[in-house]
Amino acid sequence: MLPKQKDEIRIFTPSPILGYGYDADEFAYGVVECGADAIIVDAGSTDLGPFNLGAGTTLYGYDSYVRGLTLILDACFHLKVKVYISSAGGGGSNQHVDDLKSIVSEIATQRNWTFEVASIKAEISRETIHRKLREGLVHPFRPVHALTHELVDDTMKIVAQMGAEPFLEAIQSYHDPDVIVAGRAYDPTPFAAFCLSRGVDLGVAWHAGKISGVRRLVCGTQRPIHARHGAESELRSHSCQPNATLYTPLGRCTHILREDSAQPAPGTGGLYYIWKGRDTNSSMMVKRPESVVPHLFPRPFIKSNSKASRC
């Protein structure tokens with residue numbers, strides 16, 4: 001069963017990408033003073049191309065991940081704040097998930113902390129893709145060339161960009177784990193999944209996820225100094241208020257439309273419809289009709305690869 005719903009939840013995002021670094025004082029402000037319920041951070045990017053995914057290397061070095069995770073896990077253990085990490089290691093491969101989960105375990109062992117950790121893997125086998133190609137179920141998502149059997153055979157690793165469903169499955173199956181380390185995911189996914197698991201409206205959850213997941217463009221907490229990296233969002237069942245000094249209505253619109261200027265915008269698990277809000281506190285609203293679910297690959301190919309452990 002899903003966690004008990006709350007009247008209000010707060011999500012803190014300390015950094016654009018795990019390993020990038022963040023200000024410790026700002027972190028304390030966002031987590032302690034603002035009372036965060038979850039710390040959610042993306043760990044990947046396609047900006048540098050597919051090298052990290054194919055080679056199995058990480059976007060940042062080991063020490064950067066240890067520094068970034070130590071404070072986050074400290075808050076998880078002592079303040080009972082949930083921690084979700086998506087697109088582990090940069091490319092989000094199975095190896096990246098295992099490597100990041102090992103760092104979590106290492107930090108926990110050194111400090112005598114214990115966590116329930118769930119991992120979600122996103123790699124898809126070549127056999128699965130070949131079968132889908134033969135069945136005519138693979139189509140270009142954006143204006144790119146068609147996928148061929150030869151390209152599949154020549155590819156080192158293939159990951160699927162997961163939506164909220166695998167996260168929700170892990171939350172329910174493993175009784176709301178303390179930490180979730182996931183493979184390749186759509187940037188807003190972990191934010192939306194946490195919101196949905198706490199009873200937030202579908203459109204509001206994805207609206208919050210879109211703003212939080214791409215808020216690297218303009219961000220900052222309400223704290224007047226060192227407000228460069230972290231961002232916090234306050235959510236209720238039918239509303240979202242990003243607490244950021246630079247989040248003007250135009251800024252929120254810019255975030256929502258980033259990479260999704262076409263309407264309706266295709267996304268993981270459905271189509272995203274965007275409307276103007278009635279006031280400056282919700283300048284954009286996102287609606288995802290559940291009746292429209294154009295999966296490139298059926299959800300079980302990802303969902304079945306989640307597991308939990310204690311560290």
Side-chain angles (χ1 to χ4, degrees), residues 9-45 58-90 92 96-120 167 170-171 174 176-183 185 187-191 193-195 197 209 212-213 215-216 219-221 223 226-233 243 308-311:
I9 59 174
R10 296 186 177 192
I11 298 173
F12 182 68
T13 310
S15 173
I17 304 177
L18 183 65
Y20 181 75
Y22 52 84
D23 184 273
D25 290 336
E26 184 182 275
F27 180 89
Y29 173 81
V31 173
V32 180
E33 294 188 39
C34 293
D37 296 289
I39 300 170
I40 301 177
V41 59
D42 182 60
S45 174
T58 55
L59 195 59
Y60 293 98
Y62 168 83
D63 291 339
S64 295
Y65 289 122
V66 171
R67 282 195 301 270
L69 280 170
T70 299
L71 272 181
I72 291 173
L73 295 176
D74 192 339
C76 180
F77 181 74
H78 290 102
L79 301 177
K80 308 306 177 186
V81 177
K82 299 299 181 182
V83 173
Y84 293 0
I85 302 166
S86 58
S87 298
H96 286 139
V97 171
D98 290 338
D99 289 346
L100 196 61
K101 191 176 176 182
S102 294
I103 295 176
V104 171
S105 180
E106 178 184 321
I107 294 171
T109 300
Q110 291 175 350
R111 290 162 175 79
N112 293 318
W113 297 338
T114 55
F115 305 106
E116 293 292 343
V117 183
S119 60
I120 309 173
F167 278 83
I171 293 168
Y174 304 118
D176 200 20
D178 303 310
V179 180
I180 296 180
V181 179
D187 287 355
T189 287
F191 304 91
F194 182 80
C195 295
S197 73
S212 300
R215 56 93 193 96
R216 66 196 68 181
C219 58
T221 63
R223 198 170 191 178
H226 299 306
R228 295 175 299 168
H229 299 297
E232 183 198 4
S233 291
N243 293 335
S309 63
R310 188 173 182 83
C311 67

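One is the number of the first residue; the rest follow in order along the sequence.
Taking both residues in full, the closest heavy atoms of Y22 and R67 are given as OH-O, 3.9 Å, listed atom of the first, atom of the second, then distance. When all heavy atoms of I39 and F27 are compared, the pair lying nearest together is CD1-CZ, 3.7 Å. Here the shortest heavy-atom pairing between T114 and D178 reads O-OD2, 4.5 Å. Scanning both residues, D42 and S86, for their nearest heavy atoms gives OD1-OG, 3.0 Å. Considering every non-hydrogen atom in both A36 and G30, the closest pair reads CB-O, 3.8 Å. A pairwise comparison of heavy atoms in G90 and L59 identifies CA-CB, 4.0 Å as the closest pair.
At a threshold of 4.5 Å between non-hydrogen side-chain atoms, the residues F115 and V83 do not count as touching. A heavy-atom distance below 4.5 Å is not found between the side chains of R111 and D74. Two residues are said to be in side-chain contact when any heavy atoms from C-beta on lie closer than 4.5 Å; I72 and F12 fail this criterion.
Here I11 contributes atom CD1 and I9 contributes atom CD1; the two are 5.0 Å apart, rounded to the nearest 0.5 Å. Distance check: T58 OG1 to L100 CG gives 9.5 Å after rounding to the nearest 0.5 Å. We find the CD1-OG distance between I17 and S15 to be 7.5 Å, quoted to the nearest 0.5 Å. Atom CG of residue D63 and atom CD1 of residue I103 lie 9.5 Å apart, to the nearest 0.5 angstrom. For the atom pair OG (S64) and CG (L69), the distance works out to 10.5 Å, reported to the nearest 0.5 Å. Taken to the nearest 0.5 Å, the CD1 atom of I120 stands 8.0 Å off from the CD1 atom of I171.
Ring geometry for Y84 against F194 counts as perpendicular: the plane angle is over 60°, on a 0 to 90° scale with 30° as the lower cut.
Although no hydrogens or angles enter the test, the distance criterion places a donor-acceptor pair under 3.5 Å between the side chain of S87 and the main chain of A185. Of the possible polar contacts, none joining the S105 side chain to the K101 backbone as a donor-acceptor pair under 3.5 Å is found.
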